[in-house]
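Here is the structure we will look at, set down as structure tokens.
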Amino acid sequence: MTVLAALFSVQDRFDDSLSFRYSCRGAVCGSCAMLINKVPRLACRTQVKAVLEAEQMELRPFAGSAEGVTWEQGEEVLVEPLPNLPKLKDLVVDMSRFFEYFQKVEPVLKPGEEPPEHEYAMQPQAVTELEPYTNCILCASCLAACPVSGRNQAFLGPAALAKLYRFAIDLRESGDGSRLLQANTAQGWWACEFHTNCRAVCPRGVPPNIAIGKARAELQKSGRKAPEV
Ligand code: SF4
Ligand code: FES
């Protein structure tokens, strides 16, 4: 039984007012992310048995991990709403800030030249490079586990930065570095402290910490690091 199925069971048998989000039930839509035993996970992909039997995942302290709720590990599964976003009801959080920052990085392809008549041809290596960043399902688990996002509401956050980097290295864009400059601010690339919880909890293996590190290195190397950061 998955945690999502368990929540349906709770709703059916004990409390039909229990609120939680879901849609695809197949780890595709990203809407069922919640804190499960103090780790952000997708409820539809998380097996109750596996959580009961697993060792607790080691993460750097973040807002949700610090709250003093106790539960009997191995006997009970603790479910809580994602931290770092305002709670609306039960397991449902307000995702507005997450999506606002995601939109801020303009997550659409901006071709550098007139698109070709037929398809773009890309070398496999270029595709391999950007592919990990295309797998994001916007679940906000990374933002929930990020210690910086927890105390700095202005930080763009791991998902938005990973998506921005994905376009910065896309050879179909201009490659003039303007994408990197979009987050060349104290609340963009430079706010990250590399706790790497984002990478550890991402259900799709997206590595925002790698994207941020590479973006910073590139800006530094080209002498374009913003003076105020
Ligand atoms: S990067 Fe991973 S954890 Fe963050 S929103 Fe995307 S899928 Fe979720
Ligand atoms: S219900 Fe869609 S990811 Fe879980």
Side-chain angles (χ1 to χ4, degrees), residues 1-11 18-36 38-48 50-51 57 59-60 62-65 77 79-85 90-105 107-108 129-150 155-169 183 188-189 191-192 194-215:
M1 177 184 263
T2 63
V3 172
L4 185 64
L7 290 173
F8 280 120
S9 178
V10 170
Q11 211 177 37
L18 178 66
S19 300
F20 49 92
R21 282 203 184 101
Y22 71 97
S23 181
C24 68
R25 299 196 194 190
V28 174
C29 74
S31 56
C32 68
M34 58 187 69
L35 212 55
I36 299 172
K38 293 291 182 189
V39 176
R41 307 178 211 249
L42 298 178
C44 71
R45 188 174 106 159
T46 305
Q47 296 288 324
V48 171
V51 177
M57 189 191 280
L59 294 172
R60 300 288 288 275
F62 61 100
S65 66
V77 174
V79 287
E80 300 167 281
L82 287 182
N84 296 347
L85 291 167
D90 299 334
L91 298 165
V92 178
V93 294
D94 181 354
M95 302 276 285
S96 305
R97 177 163 60 97
F98 176 77
F99 288 124
E100 182 196 328
Y101 289 171
F102 196 77
Q103 282 178 324
K104 222 173 183 171
V105 304
V108 290
E129 175 89 1
L130 64 82
E131 201 159 23
Y133 308 108
T134 66
N135 291 332
C136 175
I137 55 171
L138 299 175
C139 67
S141 293
C142 51
L143 180 135
C146 175
V148 180
S149 293
F155 175 38
L156 278 177
L161 290 172
K163 185 58 79 175
L164 179 56
Y165 186 71
R166 172 248 176 279
F167 288 109
I169 60 171
W189 306 118
C192 175
F194 296 109
H195 295 283
T196 71
N197 283 357
C198 53
R199 170 74 181 83
V201 303
C202 178
R204 301 300 298 252
V206 180
N209 56 316
I210 304 287
I212 294 167
K214 286 184 171 175

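First listed ligand is number 1; within each ligand, the first listed atom is number 1. Note that the structure is a prediction, hence the values are computed from the model and not measured.
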Give the minimum heavy-atom separation between A33 and L82, together with the two atoms involved. O-CG, 3.7 Å
So, the side chain of R199 versus the backbone of N209: is there a donor-acceptor pair under 3.5 Å, distance only? no
Check whether any side-chain N or O of N197 sits under 3.5 Å from a backbone N or O of L59 as a donor-acceptor pair, and report yes or no. no
Quiz: residues 130-143 side-chain donor-acceptor pairs under 3.5 angstrom, not counting sequence neighbours:
| unit_1 | atom_1 | unit_2 | atom_2 | d |
| --- | --- | --- | --- | --- |
| T134 | OG1 | E131 | O | 2.7 |

Might you confirm whether atom OH of Y22 has over 12 heavy atoms from other residues, nucleotides or ligands at distances under 6.0 Å? no
Would a 4.5 Å heavy-atom cut-off, applied to side chains only, mark I212 and Y165 as touching? no
Under 3.5 Å, is there a donor-acceptor pair between the side chain of R97 and the main chain of N84? yes
List in chain and number order the residues that pass side-chain hydrogen bond (donor to acceptor under 3.5 Å, both in side chains) with S23, two or more places apart in sequence or in another chain; answer none if no residue qualifies. none
Closer than 3.5 angstrom, by distance alone: can the side chain of S9 be matched with the main-chain N or O of A5 as a donor-acceptor pair? no
Using a threshold of 4.0 angstrom between heavy atoms of the protein and any atom of ligand 2, which residues qualify? Y22, S23, C24, R25, A27, V28, C29, G30, C32, C44
Protein N, O or S atoms less than 2.8 Å from atom 8 (Fe) of ligand 1, ignoring waters? C139 SG
